[in-house]
K.L.:
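For reference, the structure I am asking about is given below.
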Amino acid sequence: MGEDGESPKINHSFLRDYVTEADVISTVEFNQTGDLLATGDKGGRVVIFQRETESKGESEELGESGEYNVYSTFQSHEPDFDYLKSLEIEEKINKIRWLPQQNAAHFLLSTNDKTIKLWKVSERDKRPEGYNLKDEEGRIKDISTVTSLRVPVLKPTDLMVEVRPRRIFANGHTYHVNSISVNSDGETYLSADDLRINMWHLDITDRSFNIVDIKPANMEDLTEVITAAEFHPHHCHLFVYSSSKGTLRLCDMRESALCDKHSKIFEEPEDPGNRSFFSEIISSVSDVKFSHSGRYLLTRDYLTVKVWDLNMEKGPVETYQVHEYLRSKLCSLYENDCIFDKFECVWNSTDSVIMTGAYNSFFRMFDRETGRGVTLEAWRESSKPRAVLRTRRVYTGGRRRRGDVGVDSLDFTKKILHMAWHPAENIIAIAATNNLYIFQDRVNPENQ
Amino acid sequence: MINTMECAVDAQSLISISLRKIHNSRTQRGGIKLHKNLLVSYVLRNARQVYMNEKYAEIYRMQQYEEVMTVCNEIQELNPLDLMEDCEEQTGDCCGSANESASLCGALLPVSHQAPSVQHIQPSSACSVPLALQNEEVCKAPDPSFYRSCCAEAYPVSNCDFSPVNNMHCNKTTVLDLDTHVVTTVENGYLHQDCCASLQQCCQGAQSPAKKRKLDFGYYVSEIEEVPDFTPCKRAKFEDSSYVSTEHLDTSNISNLISIFGSGFTGLVSRQADLEQALNGQFCSKQALASLGAWTRAIVAF
């Protein structure tokens, strides 16, 4: 990339590196402390990274400059087959959510289209030695050789990370699961598919409560589906779900057992001047996230990210254009299916900056205070380790600057759909196809 | 009002692209994606709406012209009585009441197997039968609208500018209409009388159980997978299928397509139904036909 901004990029490159489909990252999530970062991929695997803590003297100057290294890898889901419906069930991990840590072990939920699993991640760095009845290799000793008793002691060993499935929440969903969200009560979580939302207790796998059901009596009357759902970060009775029509519904579980009727509905009236064949597609919300404060909602549709105030239902309080230059390309994006891409969006820890992905390995950050947006790139060739990330620009008219990329040069196969922001620091994890990029803000490592 | 200037792709190709996506979703791994198919059906609905609006506008324009020309003819030194009789006979053969028949026969679109060529079918390829325009003189009129009588005597093809048909003077093609399951024969660019008969039934709004249509359609689609070439013998199976009410035609198009994949979305077309009911009965068949053409071509396309 670098200096030569004029070199055309091939949109549908047949020469690109062959990427195994199974290695494509499909979800990224930090745990509550940010020390662990989990990624799920299309092959059903989960890779957990752990941040190395630097205990050298320079840690004061650079902040905790620990790097993330692989901590554990395990196969979470396998390809499955529904014999009754003759349907293949993909093993792709749609979402990972960490549970709040309660003891030395870590727990996370991972889900594919149908089944949610609770995994326990624990470390073992000691092992007992000095058994009376077993020798060092574990063979049973001949009792006649035992002359004295001793108490086994724990001796340190190499670190071993064990991951075991603790719960399997199966058969709860007829349609494809798109979201899971752990409740602030620490005991329950919700899972959402296209038409229903279920609430589970973490300890109970054979039962779940259906809290939202938008399936019409006659499927031919279907007009919208659920696209994402999340519990409120502080209020355990509130959750929000987004729809393919671009609406958000806030539901209060205290009102009734079945929350088909929303407490609040957030929607923005459509701009009739922008009406096109694809209006419905681009207004579909692909992701919804509560702010850390719990006051705001962040949504992503195809061309914009919007911030909503929970106290104002009639429209978003802020709207940011992610890639408005694509509006005139919607036809071709429909043909190549890119218009169906589901981008995620995230808040930073202080809710002052929001981030979302785009094409050509670009991702965008918006500063809510200034309203300004910046485009960054997650691409191996242009960023060496510890190099400063340069801002990029897509040329849409006016004076063309060096390094600008033309709209027709964008590579639509390089899409940034999944990302995560460290809960406390300015560290971001960006999934670009089969690569994971971790960027750190050295200037402002801690959030003000 | 959908801004069609937004992209260069026209409504018909969008329809065929959307249908192809729905068809492909059947074989995609992981099962049918409800969300994606719902969105595709919205595009289908929008494209069809635009297509029908264009057709409707064009038919309306032609009828306007027709009325103008009627007046002109009366002024000219032609025997209006003779013409009227001729027309009435023919239209009577065709479909019943004069007004309806004019619109019905006129709106028939010559359908060809040359699917790719349909991409550029101009709206003006539809034709309406003017009650009093059975003579060459009118057809030679400079107006780009075309007139063709489906039941008329041999009519100079050269005067009419059917792009897909121009090359098919002597061709006879048989086409299955997927909505009414009517087999129509196109000869020399003319549609056979059997089409009129079926249209008459259309007009009358014959009811048919939606379920049966779905099954038929499902059967037909599986035929597509097995035999890409449309052969008359296979299509003949559908000749005895029941005819469908025009009101259901539009709503059922999308829903039947999608219902065979596990979900139907006529709900989103319910607004369409309202629109259509607002139209007069004489136009309902035209709307149906306009959509028939699109559907047939679209399905034929893949």
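Basis for what follows: all heavy atoms, side chains included, without hydrogens, waters or symmetry-related copies. Chain identifiers are assigned alphabetically (A, B, ...) following the order of the sequence lines, protein sequences preceding nucleic acid strands; residue numbering begins at 1 within each chain.
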K.L.:
Is chain B contacted by the side chain of A/Leu87, its backbone, both, or neither, given a heavy-atom distance below 4.5 Å?
P.N.:
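Contact with chain B is through the side chain of A/Leu87 alone.
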K.L.:
Taking the six-membered ring of A/Tyr334 as reference, does the NZ or CZ atom of B/Lys21 fall below 6.0 Å from its centre and within a 45° cone about the axis?
P.N.:
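Satisfied, under 6.0 Å and within 45°.
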K.L.:
Using side-chain hydrogen bond (donor to acceptor under 3.5 Å, both in side chains) as the criterion, list what pairs up with A/Asn94, not counting sequence neighbours.
P.N.:
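In terms of side-chain hydrogen bond (donor to acceptor under 3.5 Å, both in side chains), with neighbours along the sequence ignored, A/Asn94 is linked to A/Lys92, A/Asp113.
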K.L.:
A/Asp213: which residues meet the salt bridge (charged side-chain N to carboxylate O under 4.0 Å, His left out) condition with it, sequence neighbours left out?
P.N.:
A/Arg196
K.L.:
Could you tell me which portion of A/Leu195 (side chain, backbone, both or neither) has an atom closer than 4.5 angstrom to a non-hydrogen atom of chain B?
P.N.:
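Contact with chain B involves the side chain of A/Leu195 alone.
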K.L.:
What distance do A/His173 atom NE2 and A/Asn112 atom CG have between them, rounded to the nearest 0.5 Å?
P.N.:
10.5 Å
K.L.:
For A/Lys342, is it the side chain, the backbone, both or neither that has a heavy atom under 4.5 Å from a heavy atom of chain B?
P.N.:
side chain
K.L.:
For chain B, which of A/Ile281, A/Asp193, A/Thr227 has the most heavy-atom pairs under 4.5 Å?
P.N.:
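Sorted descending by pairs with chain B, the first entry is A/Ile281.
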K.L.:
If you take the centroid of each ring, where Trp contributes its six-membered ring, are B/His35 and A/Tyr175 closer together than 6.0 Å?
P.N.:
no
K.L.:
What part of B/Lys33 lies closer than 4.5 angstrom to a heavy atom of chain A: side chain, backbone, both or neither?
P.N.:
both
K.L.:
Which bit of A/Ser86 is near chain B, if near means a heavy-atom gap under 4.5 Å: side chain, backbone, both or neither?
P.N.:
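Contact with chain B involves no heavy atom of A/Ser86 at all.
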K.L.:
With only heavy atoms counted, which part of A/Ser244 is less than 4.5 Å from chain B, the side chain, the backbone, both or neither?
P.N.:
both
K.L.:
Please say whether the positively charged group of A/Lys415, taken as NZ for Lys or CZ for Arg, lies over the ring of A/Tyr359, i.e. under 6.0 angstrom from the six-membered ring centre and within 45 degrees of the axis.
P.N.:
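No, A/Lys415 does not lie over the aromatic ring of A/Tyr359.
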K.L.:
Most heavy-atom pairs under 4.5 angstrom with chain B, which of A/Glu91, A/Glu224, A/Glu90?
P.N.:
A/Glu90
